Amino acid sequence: MLLLFETPAGFALFKVLDEGKLEKTTDIIKSFQDEETANEVVQLQAFKKFKDTKEAMVATDKLINDMLPKTLQKFLNKHILSKDVQDTLAVSEKKLGNLIKTQLGIECAHSKKIHELFRGIRL
């Protein structure tokens with residue numbers, strides 16, 4: 001499973017290394033108590049830094065208005081579609097997952113466990 005993480009600085013793509021640790025939501029937070037254990041759960045695969053504040057604001061505005069920003073489309077094309085990656089993409093919001101599925105054909109997932117995984121990464 002891959003995980004799309006949106007930050008004020010850009011978009012990050014993580015690889016979930018051990019999906020077994022996602023079975024219990026209480027175990028997810030424990031997996032992010034320090035950097036060493038977090039590195040056993042997820043690994044950064046790619047990061048797309050926004051060029052400037054304007055690009056960040058345009059991307060944010062598009063997402064708020066239920067549109068897929070060009071920067072995100074290019075990022076996902078480069079790191080998922082062009083590499084023929086078959087992993088499911090975990091997303092923070094169901095609407096975002098639907099947009100990605102509709103426009104790019106990438107299978108997306110969103111659940112309580114995935115929400116907890118996002119919380120762990122934010123720690």
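Everything quoted here is computed from the prediction, not taken from an experiment.
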Over all atoms of both residues, closest heavy-atom pair of Ala56 and Pro8
CB-O, 4.1 Å
Common cluster, Ile121/Met1, ILVMFWY with side-chain heavy-atom separation under 4.5 Å
yes
Taking only residues two or more places apart in sequence or in another chain, which ones pass salt bridge (charged side-chain N to carboxylate O under 4.0 Å, His left out) with Lys95?
Asp66
Starting at CD of Gln103, measure out to CG of Leu72 and round the result to the nearest 0.5 Å.
9.5 Å
Can you confirm whether Leu117 sits close enough to Val41 that some side-chain heavy atom of one is under 4.5 Å from a side-chain heavy atom of the other?
yes
Partners meeting side-chain contact (heavy atoms from CB on, under 4.5 Å) with Met67 (sequence neighbours left out):
Lys62, Asn65
What pairs with Lys78 under side chain to side chain donor-acceptor pair (under 3.5 Å), at least two apart in sequence or on another chain?
none
Show me, pair by pair, the donor-acceptor contacts under 3.5 angstrom made by side chains of residues 9-17, not counting sequence neighbours?
from	atom 1	to	atom 2	distance (Å)
Lys15	NZ	Asp87	OD2	2.6

Pair Glu116 + Lys113, salt bridge at N-O below 4.0 Å:
no
Can you name the nearest heavy-atom pair linking Thr71 to Phe50, along with the distance?
OG1-CE2, 4.2 Å
Enter the distance from Leu3:CG to Leu44:CG here, rounded to the nearest 0.5 Å.
10.5 Å
Kindly write out the residues that satisfy salt bridge (charged side-chain N to carboxylate O under 4.0 Å, His left out) with Glu55, not counting sequence neighbours, or none if the list is empty.
Lys48
State the SG-CG distance between Cys108 and Leu89, to the nearest 0.5 angstrom.
4.5 Å
Is the shortest heavy-atom distance from the side chain of Phe75 to the side chain of Leu4 under 4.5 Å?
yes
Of all the heavy-atom pairs spanning Pro69 and Ala59, show the shortest one and how long it is.
CG-O, 3.5 Å
Beyond-backbone contact of Ser92 with His110, side-chain heavy atoms, under 4.5 angstrom
no
Can you name the side-chain contact (heavy atoms from CB on, under 4.5 Å) partners of Asn98, sequence neighbours left out?
Lys94
Residues two or more places apart in sequence or in another chain: which of them pass side chain to side chain donor-acceptor pair (under 3.5 Å) with Gln86?
Asp84
Looking at residues at least two apart in the chain, or sitting in another chain, which of them share a side-chain contact (heavy atoms from CB on, under 4.5 Å) with Ala38?
Phe32
Residues that Lys101 engages under side chain to side chain donor-acceptor pair (under 3.5 Å), provided they are two or more places apart:
Glu107
About how many Å separate CD of Gln73 and CD1 of Ile106, when rounded to the nearest 0.5 Å?
10.0 Å
Looking only at heavy atoms, what is the nearest atom pair of Ile114 and Ala90, with distance?
CG2-CB, 3.8 Å
Linked, directly or transitively: Phe47 and Phe5 (ILVMFWY side chains, under 4.5 Å)
no
Suppose we screen for side-chain contact (heavy atoms from CB on, under 4.5 Å). Which residues come up paired with Thr60, at least two apart in sequence or across chains?
Ile64
Does Gln45 have any side chain to side chain donor-acceptor pair (under 3.5 Å) partners at least two apart in sequence or in another chain, and if so, which?
Gln43
The reported gap from CD1 in Ile100 to CD in Glu93 (rounded to nearest 0.5 angstrom) is 10.5 Å
Check: Val85 and Leu2 side chains under 4.5 Å, non-hydrogen atoms
yes
List, by chain and then residue number, the residues other than Val58 in its hydrophobic cluster (Ile/Leu/Val/Met/Phe/Trp/Tyr, side-chain heavy atoms under 4.5 Å); write none if there are no others.
none
Quick one: CG on Leu68 to CG on Leu76, what's the gap to the nearest 0.5 Å?
7.0 Å
